[in-house]
Amino acid sequence: MSVARTAWLIARKDLRIEWKSRVITNQVVPFAGVTMVIFGFALDANTDVLELVAPGLVWLATMFSLLLLVQRNFSVEADDGALDAMRVAGVDARGIFFGKVIGLALQLLVLEVLLLFAAVVLYGETIRLDGAVLLVTTMISATCGLAAVGTLYGGLAAGSKGRETLLPLLTLPAVAPVLIGATRAVESALGTGVAELSDGWQWVSLLTVFAVAFGVGGSLAFGPLIDE
Amino acid sequence: MSVARTAWLIARKDLRIEWKSRVITNQVVPFAGVTMVIFGFALDANTDVLELVAPGLVWLATMFSLLLLVQRNFSVEADDGALDAMRVAGVDARGIFFGKVIGLALQLLVLEVLLLFAAVVLYGETIRLDGAVLLVTTMISATCGLAAVGTLYGGLAAGSKGRETLLPLLTLPAVAPVLIGATRAVESALGTGVAELSDGWQWVSLLTVFAVAFGVGGSLAFGPLIDE
Amino acid sequence: MPPDADAVVDLHDVVATLGQFPALSGATMRVETGEIVLLRGPNGAGKTTLLRLCAGLVPVVRGTALVLGHDLSVDRDRVRSHVGLLGHQNGLYADLTVIENVRFWAATVGATDAEVASAMERMGVADRLASVSVSKLSAGQKRRTALAGLVARRARLWLLDEPHAGLDQRARDDLDNTLREAAAAGATVLVASHELDRAESLATRMVDIVAGRAESGGSR
Amino acid sequence: MPPDADAVVDLHDVVATLGQFPALSGATMRVETGEIVLLRGPNGAGKTTLLRLCAGLVPVVRGTALVLGHDLSVDRDRVRSHVGLLGHQNGLYADLTVIENVRFWAATVGATDAEVASAMERMGVADRLASVSVSKLSAGQKRRTALAGLVARRARLWLLDEPHAGLDQRARDDLDNTLREAAAAGATVLVASHELDRAESLATRMVDIVAGRAESGGSR
Amino acid sequence: MTTLDPKTTDTADSAMSSRSTGTKATRAIGIAATFAMGWLVLFGLVLSPADVNQGESVRLLYIHVPTIWVAYLSFVVTAVASGMYLFTKKHSLGWDRLAGASAEIGVAFVGLTLLVGAMWGRLTWGVFWQWDARLTTTALLFVTYIGYLAVRRLGGSHEQRAKRSAVVGLLSVLLIPLVHWSVVIWRSLHQTASVLDTDGNIDMDGTMLFTLFIGVIAFSLLYLWLVMHRTRALAMEDMLEDRGLDIALAERRAEGGTR
Ligand code: HEM
Ligand SMILES: Nc1ncnc2c1ncn2[C@@H]1O[C@H](COP(=O)(O)OP(=O)(O)OP(=O)(O)O)[C@@H](O)[C@H]1O
Ligand SMILES: Nc1ncnc2c1ncn2[C@@H]1O[C@H](COP(=O)(O)OP(=O)(O)OP(=O)(O)O)[C@@H](O)[C@H]1O
Ligand SMILES: [Mg+2]
Ligand SMILES: [Mg+2]
């Protein structure tokens, strides 16, 4: 089977599992939502500060959710030995990688939209029309990067017992650049503080480079990584 | 067997499992640590703001870690049907409850000390000697409350597939009062902003009431809750 | 129906559901002290559900279920500590060693260290394996460890769900001997199994489970 | 040693470790096309490890292992898609239905819907069960579903780890017939089992695994 | 209590045959509630004066405050009914259904409070949401009872549902004092208790107070009407499920032999 067809098969399966089990809808979304509410409270209801840091908080909440999403997406594979079975069935590792990246990215995107919406309602953030293109581009490129990193290290961690402890340790530092870049880009898009719209595109190119690097690197490295 | 002996048996087992597997040490501590660092980034390294909100952030990180800790502490029981086996063996539900609360509370305490230390190093928070008693009391009573809530709802969620999604939904709103109270008490202890030392003790009494309520309620309710 | 002191398990038209599905659809069955009863039936017949019901893990929806003289819908807790269940899962802590696991389960009923040692000896996990972490055992070795924990618990009613699966020839013989001894000493054993040759030679009586109902298959 | 076209599995003094433990300590074994070989041996002997090694899941530490003519330490990937493994775990997605699971596994090797249907028919999970979520199946029904997925995959080399465990009498017969047909059609089957009565009547040859080494037990 | 705890539950057919959750009592309450609502509209929109500070937007008070008080009431009813289920010998499922029905309506009312409060906030504070103790705790109350309703839907037998949810219902009610006193505990932006404050003094315009009083009566009657219907509806749902079990049982028994 071609890599693309394999990826499609796997992404569809992942999305179908989520559709049926609703684990992410019921667990990760409230988690992220309550995160946002509690950020608000912990930052002591200081609305000026909140509006300033809102883009950062959205991405922070996204990142925490990323960890939960990756854990869920790979525990589905590891719980009953399905990942082993895929390897035995000779499923192309690049196909698995891209399939899981696609599934993860779609789940993340939905989550980000919800979080952004929450930021608008809860933190009084406003979205400008002329920043919308930048906003959407940022979200897509950042999401691809996050999904690639998450899948890569998720696969590594899913392999065997005890490795799972590695996931946050590897993932969080790796996605920190995404967090920073995406925060700056969204600040530009929303016009938070002194950010300029034009600055934003620089950050988007950084995010895109990151996503491509981890996408290509991940697709090559995934096979060896999941092979014990 | 008496409730106390059962509790001790179970707490010892949980701590031994952690000692051998190091899941929490390797997974939750870095998670909490990176959380603290990234808060710093997200708040744009604005030291004044950081110092002000540091107590809130410490408890926020504790609460996220609580979810992970509870999940881990109950997946150990649920993975191979050990919780069922305990019920069949007629192990006293109150004993299980208190045992897991003790184990969880100790793990949380260690984590909190580390986070506080991180706040001192990263955010330049200073600990006053005269606030130390208040600080320690706050941490202990808040931790007991968190552990009681976490264990109660962790048990409910561990029961069967699909229920796990309930854990954050039930836990986060229930522990939010602790988060708020403990934040204020620690602010008093550290002398952050305008907080007075004397205010702190009011919060501690609120935290204690909370811990006792959930401790007593939990020990009575745990049996029915884990029974399918 | 008056509680019957001699009947260890006395089910009368018991219905039990898993989700919406009536896994037991009216099971009637009576087991006396000292019997070794084999539950047999096709996949999905309800054997596992019946055993878990007797252990108090699955609630009785309709009908009456008396176990060790207690009504399960009234006081399951009174029944439990006298029952030992080996289900499809082993109930082991993967990160602890074999001996730590067996000790833990023995401690829940207050069994002594000598009993732990003899149970481990019996199921062949005493020597080299004792200090190996359960996560590093083969499938059969795990099953033996779970059985050792059960043996150490000295239950009055043993509920075993496919206990032979995964065990090698020697462990099977050890298990069968243990069960026979326990039954002779006054315990009662319910075994669900698909390995009919072995299980039928062990059991004193067969009960067929079909579509959630129990039908006595007569004694051997 | 020249690669031997006829030998489907050709192990020469193979050592494999799990963690630090040498689960295979020098296994030598040769299996020809069309054979049904039974691996037997006590718990912890290394049967599971041997099967997983042949499937390319456990790396070869020393010695040479040729499977389907390819050296496992050189190109495991070439071997894999022709191998079907049923391990101790079923490899099923609990939240999907039976038919979705079987279809998924069939799709990974490009099997048609007709093949899926016939495989499910064969393992008796076609009618009512087809649209039931795997999380709601009994242990034996899960095992059957995994076997249906395997049958749909039409492997050249079948590696089965205790395939009979948990299956009822009818499913056992169905499985044995399927395996005999597959072998007759040119596939090769390795079965690890503790149910000697049944497995010995199925197998064309026995191999004893003892402490990580393989010893030919002669043909039946 | 006799009207709320449907006796009909235990005799399935008599309840099913009526095919309606209404009785004479509910009809009377329904009519009374409609009247009271009419009065509320009249007083709230026409007869009561605009506020000196807040102008016309103060009229939102007459929904905002009664809804949250009735929500408190419904959660207390949930807790009491949960306690009655757990601690009475009979363990009557009627109490459990009352608890469930009351919580459902309470959640709806808190939702209304949040909605009206947010609109009011937009009018007076200029924003929908503030990081204020009362607002946050109200939101937490809302989420907590959504969790309670989720626990009710976990599945299993009616008794399991009753036991589990009773525990959660009893614990969740502890949040209400926190919401009520949040304005005292935390320095708050939100209105402090002016009607139910601790010293018992009521300082409010007479007509406004009376209108508020009508609001409370009207929403309480509405609550009563809804809770009676919902309790009966839940009883019927339970019966329907029991019927479903009968059908499933018949199917299962017919399955017979293998497979
Ligand atoms: C989303 C926004 C809001 C929420 C969630 C909210 C919530 C509440 C709650 C829970 C109470 C009941 C307090 C108690 O008696 O225990 C209450 C009462 C009240 N609220 Fe709000 N509120 C909101 C916005 C507003 C706004 C914008 C105003 C007007 C400026 C307002 C004015 C009042 C008044 C006057 C009371 C009655 C106070 C008393 O006598 O106890 N609220 N609100
Ligand atoms: N993760 C591991 N780390 C270290 N040793 C292991 C690990 N898993 C298994 N072993 C050891 O490797 C040996 C072989 O295990 P294997 O699972 O292959 O046995 P088996 O023949 O399949 O046994 P069974 O009949 O019980 O299934 C056993 O002695 C076991 O203790
Ligand atoms: N969680 C569940 N939800 C709904 N139905 C279930 C669930 N678990 C099992 N079932 C159904 O209940 C029936 C009885 O299952 P049970 O596990 O008792 O069978 P069993 O006799 O032990 O079968 P096996 O021999 O395969 O172990 C099966 O038909 C199964 O499909
Ligand atoms: Mg079974
Ligand atoms: Mg094995």
Side-chain angles (χ1 to χ4, degrees), chain B residues 53 56 93 97 145 148-149 151-153 155-181 183-185 187 193-195 199 202-203 205-207 209-228, chain E residues 75 79 82-83 85-87 91 96 103 107 110 131-188:
Chain B
V53 299
F97 178 77
V149 175
T151 304
L152 183 63
Y153 291 137
L156 174 67
S160 80
K161 187 113 197 132
R163 288 208 213 156
E164 62 212 13
T165 63
L166 272 179
L167 182 64
L169 194 63
L170 292 173
T171 309
L172 287 176
V175 297
V178 177
L179 176 80
I180 297 166
T183 303
R184 294 293 181 279
E187 276 173 7
V194 294
D199 292 348
Q202 286 181 4
W203 291 111
S205 54
L206 189 95
L207 293 174
V209 169
F210 185 93
V212 170
F214 266 91
V216 173
S219 73
L220 296 176
F222 198 66
L225 277 190
I226 60 171
D227 249 4
E228 313 262 318
Chain E
F75 295 148
S82 299
Y85 174 80
L86 279 184
F87 301 120
H91 296 302
D96 168 61
V107 165
V110 179
W131 289 106
D132 168 90
R134 171 156 283 168
L135 271 56
T136 309
T137 46
T138 311
L140 289 176
L141 187 71
F142 188 60
V143 175
T144 301
Y145 276 91
I146 287 180
Y148 170 84
L149 293 180
V151 170
R152 289 188 71 85
R153 278 194 300 272
L154 275 181
S157 70
H158 301 330
E159 283 75 19
Q160 289 171 287
R161 176 195 68 194
K163 224 173 0 173
R164 278 196 298 247
S165 62
V167 168
V168 180
L170 278 173
L171 288 173
S172 303
V173 80
L174 296 177
L175 210 56
I176 290 183
L178 201 75
V179 179
H180 181 67
W181 282 302
S182 56
V183 275
V184 188
I185 299 177
W186 294 278
R187 324 158 284 271
S188 171

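Proximity to chain E (any heavy atom under 4.5 Å) is restricted, for B:L152, to the side chain, taken from C-beta onward. Contacts of E:L174 with chain B are made by side-chain atoms alone, with heavy-atom separations under 4.5 Å and no backbone atom involved. Contacts of B:Y153 with chain E are made by side-chain atoms alone, with heavy-atom separations under 4.5 Å and no backbone atom involved.
In terms of heavy atoms, B:P173 sits closest to E:L140 at CA-CD2, 3.8 Å. The nearest pair of heavy atoms linking B:L170 to E:Y148 is CD2-N, 4.4 Å. When every heavy atom of B:G217 is checked against every heavy atom of E:L171, the shortest pair comes out as CA-CD2, 4.5 Å. Closest heavy-atom contact between E:R164 and B:L156: CD-CD1, 3.5 Å.
Counting heavy-atom pairs under 4.5 Å between each of E:G147, E:A139, E:A166, E:S172 and chain B puts E:G147 at the top.
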